[in-house]
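All residue numbers in this chain count up from 1 along the given sequence. What you see is a predicted model, and the numbers here were worked out from it, not measured in a lab.
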Amino acid sequence: MTESAGTPPEPEERSTDSTAPEGPEETEAGTALRTDSTADSTADSAEGDAKNDAEGDAKDTAEAAAKDTAEDTAEAAVPPRRKRRWLRWVAAGTSVLLLGASGAGWWAYRKLDRNITTDTSAAAELRTYEKERPTPVALDAQNILLIGSDSRAGKGNGKYGRDDGGSQRSDTAILLHLAADRESATAMSIPRDLMVDIPSCRSSDGSRTREQFAQFNWAFQFGGAACTIRTIEKLTGIRVDHHIVIDFSGFEDTVDAVDGVEVCLKEPVDDEQAHLKLPEGRQKLTGEQALGYVRARHGIGDGSDTQRMDRQQRFLGALFKKVQSNGVLLNPTRLYPVLDAVTKSITTDAGLNSLGDLYDLASSMRGVPTEKVQFLTVPRQPYTLDPNRDELVESSAKKLFERLRDDEPVEIATTTSPSDTASPSDTASDTPEGSPSASASDAEPGTGAPSPRATSEPTFTGSNAEAGMCG
């Protein structure tokens, strides 16, 4: 047996050469595999592109958000000290504005308050004669004496005449009665030429005048407001609670502050003494023109004091209506010029010598209807001994004074036109001016005599604020 026969033969090595040719089946399979691999590669590539785009968009969004966040963080990262300093500046600026506004308001209030002059001498004189003064009847009602001084002393008054060393008379005197319920206001004019009993009064130089029967406006010349108040209280039996004296320039400035007052004139006016020249027709008067208009006695109407008082009453009514209708009392920017004009030129008793007191008075009248703001003159007739002077119609005046004193309604029959166009005196009548009147319907049947109703509730002639100057 030979050696080669017992030895197993060496196994034949399989070639691992990748380039060796393969059979047909193997080639087709490879191709298929390669095709699938290419498709997968294309899909993977597309998916990758989409993924990249999405990732890019996400990245952009993230970067934008990061930027915003960074900015917010930067703002939030302001050091607390800087932030506190900024808040302090804001607070300080706001405080300055608030203090400035309140300071300006306080300055304006104090200025107006200091404008007012207090009449201390009148209070002292009235206290001396307190026992002879009337007792108040209606405690919530107010009786305020308004005096228009014709003094030429003081700034702006000299152009209306010579200053006789500061002497003065009351060019206008009106007793204003405010009803306790503040539903009406009655302004009663007292003619300056009315003959009255004037008590002994203390003069400005300390001397005393004697009691005398003289024309009413002498009382103001003798002893100022105190003497005028005592004269009125003796004449009417009505307690005067407060008084206000206003001069020429004050009236003029007040009219200008409300931008003038409209009047209607039937014919031209030319009064050299009153510094007044106006055309006929509807027109708005300035302060200076208005002052001349209410003071004029020549070149307008019949030149009587009666027509002058009628003109004054109607003008004051129109002024009140304008102030009320224009909302002056509720508008600080419009109210201030009016208050400034008024307070600069008035003298009052201690009860009205502050801006708060005057504002309370004006506010209490704000709700009074204009038709219930009434004007009339005390019933009077020509004085027996001098037709250029007046005297009371005693019976009629007594009824009027009683109604005002007791806070009873005063019925007023209004005239239809201003005094410079038509006047009650233009029509023939035997009834004294301002006296109560009774219509035919008030008469007792078959007698022609006034009925008890007409006697107990007299009607006086006058006007109201609703009528205005062109009513």
Side-chain angles (χ1 to χ4, degrees), residues 145 148 169-175 177 186-199 212-220 228 231-238 294-298 300-314 374-405 410-420 422-440 442-443 448-450 454-464:
L145 177 61
R169 294 183 185 179
S170 56
D171 190 67
T172 302
I174 297 176
L175 184 61
H177 174 78
T186 302
M188 181 184 70
S189 293
I190 301 175
R192 61 184 184 180
D193 294 334
L194 183 69
M195 300 301 293
V196 297
D197 289 312
I198 301 177
Q212 54 192 294
F213 186 68
Q215 62 190 69
F216 171 72
N217 69 339
W218 285 18
F220 193 66
T228 304
T231 301
I232 290 175
E233 291 183 340
K234 185 175 182 178
L235 177 72
T236 66
I238 300 171
V294 299
R295 297 187 62 244
R297 297 185 68 174
H298 307 282
I300 182 171
D302 61 8
S304 67
D305 199 44
T306 295
Q307 284 199 355
R308 187 181 69 92
M309 285 187 294
D310 181 48
R311 220 166 29 247
Q312 291 173 350
Q313 293 168 0
R314 290 181 179 276
Q374 306 178 118
F375 297 86
L376 78 165
T377 304
V378 296
R380 79 277 183 212
Q381 60 191 6
Y383 179 42
T384 305
L385 301 180
D386 184 353
N388 294 318
R389 300 289 181 264
D390 291 325
E391 64 182 8
L392 286 182
V393 178
E394 295 290 347
S395 59
S396 300
K398 181 179 178 181
K399 293 175 183 177
L400 174 60
F401 300 156
E402 286 177 349
R403 300 193 75 80
L404 293 176
R405 182 171 59 248
V410 176
E411 297 295 328
I412 293 181
T414 59
T415 54
T416 57
S417 57
S419 59
D420 52 298
S423 167
S425 61
D426 292 337
T427 57
S429 174
D430 295 329
T431 304
E433 292 169 293
S435 297
S437 60
S439 65
D442 294 328
T455 302
S456 61
E457 296 184 9
T459 298
F460 301 87
T461 57
S463 62
N464 63 47

Q: Identify the two heavy atoms, one from L175 and one from I232, that lie closest to each other, and give their separation to 0.1 Å.
A: CD2-CG2, 4.4 Å
Q) Quick one: does Q212's side chain get under 4.5 Å of W218's, heavy atoms only? A) yes
**Q.** T459 versus I412, closest heavy-atom pair with distance
**A.** CG2-C, 4.1 Å
Q: Please tell me if the side chains of V378 and F401 come closer than 4.5 Å, counting only heavy atoms from C-beta onward.
A: yes
Q: Evaluate the side-chain contact (heavy atoms from CB on, under 4.5 Å) criterion for residues L194 and L235: first the C-alpha distance (whole Å), next the side-chain angles of each, then the deciding distance (0.1 Å), finally the verdict.
A: CA-CA 11 Å; L194 183 69; L235 177 72; 4.2 Å; yes
(Q) D390 and side chain to side chain contact (heavy atoms under 4.5 Å, CB included): which single residue from R380, Q215, R192 fits? (A) R380
**Q.** Side-chain heavy atoms of T228 within contact of F216, under 4.5 Å
**A.** yes
Q: Evaluate the side-chain proximity of R311 to I300: yes if any heavy-atom separation is below 4.5 Å, no if none is.
A: yes
Q. Of the non-hydrogen atoms in P379 and F460, which two are nearest, and what is the gap between them?
A. CG-CE2, 4.1 Å
Q.
With a 4.5 Å cut-off on side-chain heavy atoms, are T377 and Q313 touching?
A. yes
Q: Evaluate the side-chain proximity of V410 to L400: yes if any heavy-atom separation is below 4.5 Å, no if none is.
A: yes
(Q) Please tell me whether S189 and Q312 have a donor and an acceptor in their side chains that are separated by less than 3.5 angstrom. (A) no
Q. Tell me, do L404 and T236 make a side-chain contact under 4.5 Å, heavy atoms counted?
A. no
Q. Taking all atoms of both residues into account, what is the closest heavy-atom pair of I198 and A214, and its distance?
A. CD1-CB, 4.0 Å
Q. Minimum heavy-atom separation for R308 to T172, with atom names?
A. NH1-OG1, 4.3 Å
Q.
For a 4.5 angstrom cut-off between non-hydrogen side-chain atoms, does R314 reach F375?
A. no
